[in-house]
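Down below is the structure, laid out as structure tokens.
Chain naming here is simple, since letters A, B, ... match the order of the sequence lines and numbering starts at 1 in each.
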Amino acid sequence: MDSKTAQKWQKSWKDAQIFVPKEKGKKYFITTPYPYISGSLHIGHGRAVTETDIIARYKRMKGFDVLYPLSFHITGTPVLGISAAIKSGNQKMIQLYKGYIKTYISDEKEVQKVLDSFKEPQKIVDFFTPKMIEEYSGLGLSVDWSRTFTSGDMTHQQMVDWQFKKYKQLDYLKTGDHPVLYCPEDGNAMGEDDIKDADSNKVEKQEYTLLKFKFEDKFLVAGTLRPETVFGQTNLWINPDAKYVEVKVGDENWILSEKAAWKLSFQKKQVKILREIKDLIGKTAIAPGINKEIPIFPSTFTNPDRVTGIVTSVPSDAPFDYVALRDLKENKELTDKYGITDEVQKIKVIPIIKTQRYGDSAALALTDKHKIKNQNDPKLDELTKEVYKEGYHSGVMLENAGEFKGLKVSIAKEKIKQHLTKKGLADIFYETTRIAYSRSGGEVIVAVLDNQWFIDFNSEGWKQKAKKLLGGIDLVPDSYRKQFEETFEWLDKRPCARRRGLGTKFPFDKDWIIESLSDSTIYMTLYTIQDLIIKNNLKRENLSEDFFDYVYLNSISLDEASKSTGIDKELLKQLRQRFERWMPNDHRHTFSLHLSNHLSFMIFAHAALFEEKYWPKMISFHGLIVRDGGKMSKSKGNTISLLDIKEKWGADTFRFYITQSTTLDGTFDWKDKEAKNAQNTIKKILAEGKQAALQRKKGVVKPLYKSKFERIKKNATNYLENLKTREYNNQVVFNTLTVIKEAKKDLDEKHLASFYDYMLDDWIKMLTPAIPHTAEEIWAHSNEGLVSAQSWPKYDNGLIDDKLEYMSELAESLRLDIIDLQKLVDVNAKKLTIIISEKWKYDFLSKLKDITSDSMDYQYVMAEMMKTEHKKRGKETVALLQYYLKNISKIPKFLVSQEEEISALKENKKNLEKEFGYQIEIKISDGKGKKALPGRPGLLLG
RNA sequence: GCGGAGUUGCCGGAGUGGUCAAACGGGACAGGUUUAGGCCCUGUUAGCUUAGUGCUUACGCAGGUUCGAAUCCUGCACUUCGCACCA
């Protein structure tokens, strides 16, 4: 089907307004997350909306008044980033976006004009929004576009503003300090996209414990990841070539590397560099935790650019320390230079942690084992990790840990940290996991932002409410529930405002923008009223806190609301009714990756703000889209845009391919070759449908085919009810095509025509949710109007005849038996004798079925069987019994009597004679010769 | 590291105690149709065996429960996803 035909139908749907809700009758409100605007759309964007559309169309045909809306997300930094890059003359970005614009506009001058306008971020949104609606529409979506908005629209902003005011009233918002990746040169917090190579080599924040060593009237500060090792400290390390400074931090004076002081100034208030400090080596400081004087030694492995540039030495559990100390003991020249030779020689390793694998001095055990030569050995890094890992998992604190002895390392770590902090001997310092630079080249460090706003999911009572909501929600598939529960446990404080980006201003501090996941948790409510807001031209000042209090919560009176918002009472009432009509969201279809953020936040938001009856009812999940087994990405150039779908493949090919090739939540792997097959299948459906439409004629329909088709209807309905779109597709496409094929082979022209007449309309209707364009095309051949506006067919359970279908299966298996036999035998035979089983075996099987329905136990079945008259045929009975019990699958599903079997065979005789060219004789077995069983006649060829 | 999901035939992927050598689709092979190709039709696609409808081996690996396990239990191995300011 070409894109023109598809567009013709899309226009017909639009003109007929069939996807605009009627606002009456039983409702179904279905949503899928709004996509982010960033250029043109590809099939990854197409999956969710297509699957949602199938359900929406089905529900509509089932008689629901369906609301299926869609909007666009623009909040956050990406659009801003695109705009900034274009502004700054980034050629890569300019070319990329020129390319996008060119897909819609051909005139070179116009393209440039549009591109120039992108220097203003909002213009990007304005340009792409209608294009995206067009691209989505090309898939044949049954969306009501009259309620569309973007997350930057005034209505959305007012709603989010209201939401955060409610959070504040509920005391769910907190402020506090928060560490972020930060680039002082750029003056910005850094996301993954802002840091060089961060997508391939992640940068994370790491929390170090700062240990404070009393030194004169100051503190030397050393950072460590292992505060529990304080009991094994023997000395301090500093780098003799590095510059150390004294800084004033609050009321205290600290000594640390110059670089560290600079970093610290982004993490603590009032950090002031006072002076350089020299000649530390050989002096002593008092180690925290053990309150012992320890000496300061030189080391080259201490990097002044990492953490504080001062390291405390724990040779028992730090391979670096152990090796450095060993090296130092052997380097008398050096120690003499600093006059610390005696001190160095005196140092002894102090065991503090016992591990399963490496005893009580893990660092020693490992460095000896791996024969580490000196402190520059590259293996040391690996060993450090190993000691850390083993210590953390199996380590236990020894005697000298005082009150912490006997504790597991994993527990002692936290306790000791707290203990030292409380005594003023420890603090916190954040460092990045690796040295990193922003895209513009500035160094990335960790800064602690104060006055950061958080949503506190651990606020009193909130989690319980959210859990209650979760408990009442249908998840499809339900296996995601556990992951939700885990996520809920782990959710804590989430920073909800950022310094930059598009979006809604934070109501309590207008310098901040509400973060882009926090601002899209209740926007589906807006779909219930957005069209009315537009139609009535409501302004920002109308959509005040009171507006939403009334429309969403009904928590203030109509009079009050009307007075304060300046909105007519009738309209306000209507808005409230709209909200009441459409809420709750009956079904939300989303990407499974959204579970731990968007979906969880959505649940919390609904639990916080709305009455229970407005809580969402169902969430279903879809999976990833990949191509030829690999991820699609713009940089790889392997994306398929929705425009490609429209032009090259056809909307229905995509719709069909995506539904039939994977389950709802499975990964969908696009392969051109398979897409081609899907395209052929669509063609075939079209051809078969056309033929049926042309040949259909009222008449008598063979019950077998009625039964088969009614079964397809039943299955298709049940599958769709359970969101099994793939299985539904199997039924209405492949199974139906198979039945048509069988009918064509089996029926004469007249009967075929009446079968076509019987099934065609219902078949097209069932195809509609999956492949609506194709369905309309076939429908038009023999019907008026639009099939998209038809009702879903009802099935007649009474016409489904298991036995009838079973007998037709028997006929088929007989056919296959004959084929098998032909392969084994001389083909010259002219005659085929079909031998029907002896009568008593039918009775035997009937008894056997009865008995085995109680128990399959051999002894039991045998004993029971021997109670019947079959006892007299002892030997044969036992043999048969053994056969059937061993091959339970051979017990027929249905018992057909001997007479029925004969008459069915007689009916089938002609067809068989025609197909194989034998003369066929039907005989009843005399008990000799060829074995025959009920439903499985013996064959004699020749 | 913590937590989730998974491992089925040539491939994608159904299947959750007997009707399973395993749906459905695809691929490959053989035959028919066709001027040829495509479409279409028929058959084969774990091994062995057979005037037949039988046997053996198989659903990540190793054990266990059961008259009976792809399906339930235990352990192991591997794969994959998420872990917060990122949409």
### Task
Would you confirm whether Lys205(A), through its side chain, and Val446(A), through its main-chain N or O, come within 3.5 Å as a donor-acceptor pair?
no
### Message
Distance check, C1' atoms only: C78(B) and U8(B), in whole angstrom units.
### Response
16 Å
### Query
Touch check for Thr663(A), heavy atoms < 4.0 angstrom, all strands: base, sugar-phosphate only, or nothing?
sugar-phosphate
### Query
So, do Phe591(A) and Phe621(A) have ring centers that fall under 6.0 Å from each other?
no
#### Entry: Any Arg498(A) side-chain N or O less than 4.0 Å from OP1/OP2 of C86(B)
yes
#### Entry: Interatomic distance at C1', G12(B) relative to G17(B), whole Å
27 Å
What are the atom names and distances for every N/O pair under 3.5 Å that joins the protein to nucleotides 22-24 of chain B?
from: C24(B); atom 1: O2'; to: Asn730(A); atom 2: OD1; distance (Å): 3.3
from: C24(B); atom 1: O2'; to: Asn730(A); atom 2: ND2; distance (Å): 3.0

### Task
Would you mind classifying the nucleic acid contact of Glu674(A) as base, sugar-phosphate or nothing, using non-hydrogen atoms under 4.0 angstrom?
nothing
### Query
Which parts of nucleotides 39-50 of chain B does protein reach within less than 4.0 Å, heavy atoms only, written one letter per nucleotide 5' to 3' as B for base, S for sugar-phosphate only and - for none?
-SSSSS-----B
#### Entry: First of Gly76(A) and Lys724(A) reached from the 5' end of RNA chain B, by closest nucleotide
Lys724(A)
### Query
Please give, in whole Å, the distance from G25(B) P to Phe668(A) CZ?
18 Å
### Task
Have a look at Thr77(A) and say if it touches a base, only the backbone sugar-phosphate, or nothing, with a 4.0 Å heavy-atom cut-off.
sugar-phosphate
### Message
Could you check whether any side-chain N or O of Tyr388(A) sits under 3.5 Å from a backbone N or O of Arg226(A), counting only pairs where one atom can act as donor and the other as acceptor?
### Response
no
### Query
Has the side chain of Glu864(A) got a donor or acceptor atom that lies under 3.5 Å from a matching backbone atom of Ile851(A)?
no
### Task
With heavy atoms under 4.0 Å as the rule, sort Lys205(A) into base, sugar-phosphate or nothing.
sugar-phosphate
### Test side-chain contact (heavy atoms from CB on, under 4.5 Å) applied to Arg711(A) - qualifying residues, sequence neighbours left out
Asn715(A), Ile800(A), Asp802(A), Glu805(A)
#### Entry: Presence of salt bridge, Arg655(A) and Glu51(A), under 4.0 angstrom
no
### Task
Look at atom NZ of Lys676(A) and say whether more than 12 heavy atoms of other residues, nucleotides or ligands are closer to it than 6.0 Å.
no
### Message
So Asn729(A), base contact, sugar-phosphate only, or nothing? Heavy-atom distance under 4.0 Å.
### Response
nothing
### Query
When we call it a touch if two heavy atoms are under 4.0 Å apart, what does Met862(A) touch: a base, just sugar-phosphate, or nothing?
nothing
### Message
Would you measure the distance from the C1' atom in A46(B) across to the matching atom in A21(B) and give it in whole Å?
### Response
8 Å
Under 3.5 Å between N/O atoms: give me all the protein pairs with nucleotides 77-82 of chain B, atom names plus distance.
from: G82(B); atom 1: O2'; to: Ser596(A); atom 2: OG; distance (Å): 3.0

### Query
What's the CG-C1' distance between Leu832(A) and G52(B), to the nearest Å?
12 Å
### Task
Would you indicate what His73(A) reaches in the nucleic acid, counting non-hydrogen atoms under 4.0 angstrom: base, sugar-phosphate, or nothing?
sugar-phosphate
### Query
Would Asn451(A) and Asp177(A) count as a side-chain contact (heavy atoms from CB on, under 4.5 Å) if you check the C-alpha gap in whole Å, the side-chain angles of each, and the deciding distance to 0.1 Å?
CA-CA 6 Å; Asn451(A) 201 22; Asp177(A) 295 343; over 6 Å; no
### Message
Exactly one of Phe488(A), Phe601(A), Tyr172(A) should register a ring-ring contact (aromatic ring centres under 6.0 Å, His included) with Phe457(A). Which one does?
### Response
Phe601(A)
### Task
To the nearest Å, give me how far apart CZ (Phe656(A)) and C1' (G25(B)) are.
8 Å
### Under 4.0 angstrom between Ser813(A) side-chain N/O and U53(B) OP1 or OP2
no
#### Entry: Nucleotide G54(B), atom C1' - distance to CZ of Arg936(A) in whole Å
12 Å
### Task
Would you kindly give the CG-to-P distance between Asp478(A) and A5(B), to the nearest whole Å?
11 Å
### Query
In which ranges does RNA chain B form stems of 3 or more consecutive Watson-Crick or G-U pairs, distances under 3.5 Å?
B:1-7 with B:77-83, B:10-12 with B:24-26, B:27-32 with B:40-45, B:46-48 with B:54-56, B:60-64 with B:72-76
### Task
Could you pick out which residue, Asp817(A) or Ala497(A), lies toward the 5' side of RNA chain B when each is mapped onto its nearest nucleotide?
Asp817(A)
### Query
How close or far is atom C1' of G4(B) from atom CG of Asp665(A), stated in whole angstroms?
13 Å
### side chain to side chain donor-acceptor pair (under 3.5 Å) partners of Asp746(A), counting only residues at least two apart
Lys702(A), Tyr705(A)
### Results of salt bridge (charged side-chain N to carboxylate O under 4.0 Å, His left out) for Asp672(A) - residues two or more places apart only
Arg627(A)
### Query
When the C1' atoms of G25(B) and G32(B) are considered, how many whole Å apart are they?
24 Å
### Task
Select base, sugar-phosphate, or nothing to describe what Thr75(A) touches, counting heavy atoms under 4.0 Å on all strands.
sugar-phosphate
### Query
With distance as the sole criterion, do the side chain of Asn677(A) and the base of G26(B) form a donor-acceptor contact below 3.5 Å?
no
### Message
Once salt bridge (charged side-chain N to carboxylate O under 4.0 Å, His left out) is applied, do any residues pair with Arg498(A), and if so which ones, sequence neighbours excluded?
### Response
none
### Task
Grab the CE-P distance between Met602(A) and A84(B) for me, whole Å please.
22 Å
### Query
Tell me: CG of Leu80(A) to P of C86(B), nearest whole Å?
13 Å
### Message
Taking the P atom in each of G27(B) and C11(B), what is the distance between them to the nearest angstrom?
### Response
15 Å
### Task
Could you list the residues that satisfy salt bridge (charged side-chain N to carboxylate O under 4.0 Å, His left out) with Lys196(A), not counting sequence neighbours?
none
### Task
Go through the structure and list residues passing salt bridge (charged side-chain N to carboxylate O under 4.0 Å, His left out) with Glu207(A), not counting sequence neighbours.
Lys417(A)
### Query
Can you name the residues that form a ring pair (Phe, Tyr, Trp, His ring centres under 6.0 Å) with Tyr657(A), not counting sequence neighbours?
Phe668(A), Trp670(A)
## Note on the structure
Residues passing the side-chain contact (heavy atoms from CB on, under 4.5 Å) test with Thr75(A), sequence neighbours excluded, are His73(A), Ser151(A), Ser516(A), Asp519(A)
